[in-house]
Amino acid sequence: MNEERAITRILVILLVVSAVIRGFIAGFIEFGFDEVYYWIYALFPDLSHFDHPPMVGWAIQLFTLNLWLDHEFFVRLADVVVGTINTWVIFRIGSFIKDPRTGLYAAFLYTTSFYAFVICGLFIMPDGPQSLFWLLTLWFLLRSLPDTSCSRTSRNFLFLAGITIGLALLSKYHSAFLLTGALIYILLYNRKWFSVKETWYAFIMVILIFLPVIMWNLDNSFISFTFHKARTTTEGSQWLHPEFFLVEILGQFFYNNPVNVVLIIMAIIALKRGARFLKKEYTRLILWISLPLVSVFLIFALFARTLPHWTGPAYFGFILITAAWLSERSKTNYRLKLFPWPIGIAILLLLSILILAVGQIRFGWIPLSKWGARDFTHDVYGWRQLGEKFAPIAEFDRELLLIDSQAPIFTFRWFPAANYDYYIARKTGNRVYALGSLDRIHKYHWINKERGNLPIGMDVYYIALSDDYEDPQKLYGDLFTVIQPSDTIEITRGDELVRKAFIYRMIGLNEDLEFVPSDNEEQTHPEVERLLLFQRQIRTSTEWIKILRKKAKEEKVSIEVMIVREAKKMLDREKEVKRDFRKLDSLETAFPIMTAEDTTLLERE
C-alpha cells in the first residue's frame, strides 16, 4: 500500500514537471517548417490534406479556439496536453499488464524518449494525436483480445478500439498497423472473435471514421497515397541504399533515447531466452502490433530515404515490455526500486540535450556557422524577426505607391510559404502563393485556389532567403514586366548573422494567373475547363514535371510558364484530333461506305 502511494506521488510529480517544461519550451521557441505548415491545416481546414489526414489541424483549431489564440504556445498546446495524457495512459497500461511498478517504469521510459517528449508532446505534429489514439487502442486491445471467453466487458473494449483505430488513422496513415496487428492476433490465437458482432461493429467504425479521408482522396485522384508511395520507392539508378538503412537505424536509436533502446534490446533478449516476466498473450499482441511497423520501414530504408520517427509508435509497445522486465528485475537487483539508475541516466540525457538545443536555438551558444558546419537551429529561428522587419517595408511601399496595396507574396515551395503565412501575412495581410509543381508546393496547390486568381497587371512581392536562394528572374521573369530589388533584411541572433532576406518587387503581371476558372462567361468555356484539367494532370505527374523543369531551365523560364505552355499544346493537339475526326465524318457523308447488300446489287447489274 505504501509503495502504491509512493508510485502515485512520483507519477504526479513526473506529469506536472514534464508538462511545465514542455509548456515553457512551447512558448519560447519559434515554429519549425513542419509545425508552421500544420498550422496551415487549421487555417484552411478540409476533410483531408495532401500530406496527412486532418486530425492535427482539428486539434490546433480546438486548442486555439479556431485560431483566436494564435501564439506558438496555444498552437502547440494540443500536443503538450496530449503528452501529459499519454504518460498517464501508458502508466495505466503497465499497471494493467503487470503491476503499478511496471506502470511507473513505463511512464519514465515514455517521458525520456525524445520522440515521445518532443515530437508527440511538444511540437505540433500529426504524431501527437496519433500517439494518444495509438496508446488508447493498445490499452483497449490488451483489455479485450487476450480474453478467450470474449466476455461482455472485453467486447465493449474491442468496440472502443475500433473507434480509436479510426481516430488514429485520421492522424497518420500508418496507424493501419494497429488494425493489422489485431487481425493477425485474432487469426493466430483467438479466432472466436470473428464470431462476435462487436468485432464487425469495430471494423465498421474504423471505416466510418476514416470516411472523410477516403472521400477527399476520391475527389483528388488518391493523391495522398500516390505521394506517400513515391516516398518509399528506390531513388536513382542504384537499387540498394545501405546508407539510408544506417541512417534509419541510428535515427531510431537516438529518437527513442539511446539508454531506452539499450534497455529494450536487453528486455527482448531476455524474452527470447525464455524469461517469463509478462503474460504471453500480452507479449504476443504487443509484438504483433510493434514489430511489423519497425520491420516494414527498415525494409523501405534499404531502397529510399525514410524518417526515423515514422516507427516511433512501435516503441510504445517495446517500452511496456521493457518496463515489465525492469519491474521483475527490481524485485531482487535494484536498491532504488522505484527509480532504477538506468532511468536516471535516461532523464539526465534528455534534460541535457533539451537545454543545449533550446539554448542553441535562442542564443546560438555553439558557433557552428563560424566552424563551417550547418546549424540546423537556423530553421527554427528568425521568422518572427523577419515578419517584424518586413511590415514597415511593405507599409512604406504602399504609402509611396511603389506596389499594389494588396500585393501578395510569391514563393516556390510549401516552406517557406507557411513561414511567410504565419510570421508575415498575419501582420501585413498579404496573401501568400506558392507556385510550382505539386511535389514542391503540397497543400498550397489548393490554397492558391482558395485565395483566388490574380489579374493581369498585379504587383507581387518575392522574398529570397540567402540560405535557400532561388533567383526570381528564373522563377518568374516571364510573368512580370519588371522585377526590381526593394530591400535587404538581416536576421541576426546576437552577433551572428543567421540569414539575409532579399525583398523584390515584381511589377505588372503579364497575364491573368488562373488557379480556378473565373465566373465570367469566357472563363467557364469548356476549353478553359479542359486547359485546367490538363494542368492538373501535368502537376500530378512527377516524371512530366522533371522533363518540364529541365526544359524550363534550358529556356530560362519558370516551371509555371512551362506547365501552361504544355497544357495549351495538349489542348491544341486535342483540337486537331477532333478536326480530323470531323473531316472523316464529312467524307463518310459525301461518299457513304457500301454495305454488302449494295455490293450484291452492283454485281447483278
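The structure presented is a predicted model; accordingly, all values stated were derived computationally and were not measured.
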S.K.: A side-chain contact here means heavy atoms from C-beta on lying under 4.5 Å apart; do K172 and D127 qualify?
M.R.: yes
S.K.: Would you name the heavy atoms of A434 and Y444 that are closest together and state the gap between them?
M.R.: CB-CB, 3.6 Å
S.K.: So W58 and Q61, side chain to side chain contact (heavy atoms under 4.5 Å, CB included) or not? Walk me through it.
M.R.: CA-CA 5 Å; W58 295 347; Q61 285 182 279; 3.6 Å; yes
S.K.: Could you tell me if the side chain of F390 sits less than 4.5 Å from the side chain of D487, heavy atoms only?
M.R.: no
S.K.: Do S327 and D99 meet the criterion of a side-chain donor-acceptor pair at a distance under 3.5 Å?
M.R.: yes
S.K.: Looking at every non-hydrogen atom in both residues, tell me the closest pair between D79 and G128 and how far apart they are.
M.R.: OD1-CA, 3.4 Å
S.K.: Any sub-3.5 Å donor-acceptor pair from Y381's side-chain atoms to T492's backbone N or O?
M.R.: yes
S.K.: Report yes if the side chains of I463 and L465 come closer than 4.5 Å at any heavy-atom pair, otherwise no.
M.R.: yes
S.K.: Between atom CD1 of I264 and atom OG of S113, what is the distance when rounded to the nearest 0.5 Å?
M.R.: 8.0 Å
S.K.: Let me know which of F31, W39, F33 forms a ring pair (Phe, Tyr, Trp, His ring centres under 6.0 Å) with F415.
M.R.: F33
S.K.: If you apply the rule side chain to side chain contact (heavy atoms under 4.5 Å, CB included), what do you find for L77 with I60, and how did you get there?
M.R.: CA-CA 8 Å; L77 184 58; I60 294 169; over 6 Å; no
S.K.: Side-chain contact test, heavy atoms from C-beta onward, threshold under 4.5 Å: evaluate it for F412 versus L435 and give yes or no.
M.R.: no
S.K.: Aromatic ring centroids of F108 and F339 under 6.0 Å?
M.R.: yes
S.K.: Shortest non-hydrogen contact from G27 to H71?
M.R.: O-CE1, 3.7 Å
S.K.: Assess, by modelled atom type and distance only, whether the side chains of Y462 and D471 contain a donor and an acceptor separated by less than 3.5 Å.
M.R.: no
S.K.: Considering all heavy atoms of both residues, which atom of A270 and which atom of W325 are nearest to each other, and what is their separation?
M.R.: CB-NE1, 3.6 Å
S.K.: Does NZ or CZ of R362 lie under 6.0 Å from the centre of the six-membered ring of F28, at an angle within 45° of the ring axis?
M.R.: yes
S.K.: Counting only heavy atoms not in W288 (residues, nucleotides, ligands), do more than 12 fall under 6.0 Å from its CH2?
M.R.: no
S.K.: Below 30° counts as parallel, above 60° as perpendicular, anything between as tilted: where do the rings of W446 and F50 land?
M.R.: tilted
S.K.: Enter the distance from T84:OG1 to L15:CG here, rounded to the nearest 0.5 Å.
M.R.: 6.5 Å
S.K.: Determine the minimum heavy-atom distance between S175 and A168, stating which atoms define it.
M.R.: OG-O, 3.0 Å
S.K.: Among pairs that include at least one residue of residues 376-386, which meet salt bridge (Lys or Arg N to Asp or Glu O under 4.0 Å), considering only residues two or more places apart or in two chains?
M.R.: E72-R384, R374-D379
S.K.: Which residue, F140, W139, Y282, F91, forms the ring pair (Phe, Tyr, Trp, His ring centres under 6.0 Å) with F96?
M.R.: Y282
S.K.: I want to know whether F44 and H49 have ring centres closer than 6.0 Å.
M.R.: no
S.K.: Listing request: all side-chain hydrogen bond (donor to acceptor under 3.5 Å, both in side chains) pairs with a residue in residues 344-360, at least two apart in sequence or in separate chains.
M.R.: Q360-D375
S.K.: How far apart are the C-alpha atoms of T377 and R493, what are their side-chain angles, what is the distance that settles it, and do they pass the side chain to side chain donor-acceptor pair (under 3.5 Å) test?
M.R.: CA-CA 11 Å; T377 64; R493 183 171 61 184; 3.1 Å; yes
S.K.: Please examine the side chains of F123 and I29, heavy atoms only from C-beta on, and report whether any two atoms are closer than 4.5 Å.
M.R.: yes
S.K.: Calculate, to the nearest 0.5 Å, the distance between atoms CD1 and OG1 belonging to I90 and T102 respectively.
M.R.: 11.5 Å
S.K.: So, Y110 versus N86: side-chain donor-acceptor pair below 3.5 Å or not?
M.R.: yes
S.K.: Does the side chain of I491 come within less than 4.5 Å of L497's, by heavy atoms?
M.R.: no
S.K.: I321 and L287: side chain to side chain contact (heavy atoms under 4.5 Å, CB included), yes or no, with the steps?
M.R.: CA-CA 9 Å; I321 291 173; L287 291 178; 3.7 Å; yes
S.K.: Before we go on, tell me: are the rings of W310 and F297 under 6.0 Å apart, centre to centre?
M.R.: yes
S.K.: Tell me whether the guanidinium CZ or amine NZ of R426 lies under 6.0 angstrom from the six-membered ring centre of Y422 and within 45° of its axis.
M.R.: yes
S.K.: How long is the straight-line distance from CG of L14 back to CZ of R9, given to the nearest 0.5 Å?
M.R.: 14.0 Å
S.K.: Is the shortest heavy-atom distance from the side chain of Q130 to the side chain of L170 under 4.5 Å?
M.R.: no
S.K.: Quiz question: by atom type and distance under 3.5 Å, do the side chains of T322 and N260 form a donor-acceptor pair?
M.R.: no
S.K.: My understanding is that only residues two or more places apart in sequence, or in another chain, count here; which of them pass side chain to side chain contact (heavy atoms under 4.5 Å, CB included) with L246?
M.R.: L250
S.K.: How about D70 and T64: does a side-chain donor come under 3.5 Å of a side-chain acceptor?
M.R.: no
S.K.: With a 4.0 Å cut-off, would you call D51 and K443 a salt bridge?
M.R.: no
S.K.: Go through it in stages, so that I can follow the logic: the residues are C120 and M125, the test is side chain to side chain contact (heavy atoms under 4.5 Å, CB included), and I'd like the CA-CA distance, side-chain angles, deciding distance and then a yes or no.
M.R.: CA-CA 7 Å; C120 298; M125 306 273 279; over 6 Å; no
S.K.: Do you know which two heavy atoms are closest between L142 and I286, and how far apart they sit?
M.R.: CD2-CG1, 4.2 Å
S.K.: Mind checking whether Y41 and H52 have ring centres under 6.0 Å apart?
M.R.: no
S.K.: Can you find a heavy atom in the side chain of Y173 that is under 4.5 Å from one in the side chain of L169?
M.R.: no
S.K.: Should we say atom NZ of K427 is surrounded by more than 12 heavy atoms from elsewhere, each under 6.0 Å from it?
M.R.: yes
S.K.: Within the side chain of R440, is there an N or O that forms a donor-acceptor pair under 3.5 Å with the backbone of R413?
M.R.: no
S.K.: Before you tell me yes or no, could you show the steps for K98 and E328 under salt bridge (Lys or Arg N to Asp or Glu O under 4.0 Å), namely the whole-Å CA-CA distance, both residues' side-chain angles and the distance that decides it to 0.1 Å?
M.R.: CA-CA 9 Å; K98 190 169 178 67; E328 191 70 24; 2.7 Å; yes
S.K.: Suppose we call two aromatic rings close when their centres sit under 6.0 Å apart. Are F114 and F254 close by that rule?
M.R.: yes
S.K.: Please answer whether the main-chain N or O of G32 pairs with a side-chain N or O of E35 as donor and acceptor at a distance below 3.5 Å.
M.R.: yes
S.K.: Under the rule for ring-ring contact (aromatic ring centres under 6.0 Å, His included), what residues qualify as partners of F318, not counting sequence neighbours?
M.R.: Y315
S.K.: What residues form a side-chain hydrogen bond (donor to acceptor under 3.5 Å, both in side chains) with Y420, not counting sequence neighbours?
M.R.: none
S.K.: Taking only residues two or more places apart in sequence or in another chain, which ones pass side chain to side chain contact (heavy atoms under 4.5 Å, CB included) with F117?
M.R.: S18, I21, R22, T111, L350, L354
S.K.: Can you tell me how far apart CD1 (I7) and CG (N2) are? Round to the nearest 0.5 Å.
M.R.: 11.0 Å
S.K.: Compute both the distance and the angle, then confirm whether R499 meets the cation-pi test with W383: under 6.0 Å from the six-membered ring centre, within 45 degrees of the axis.
M.R.: yes
S.K.: To the nearest 0.5 Å, tell me how far T311 OG1 sits from Y115 OH.
M.R.: 8.0 Å
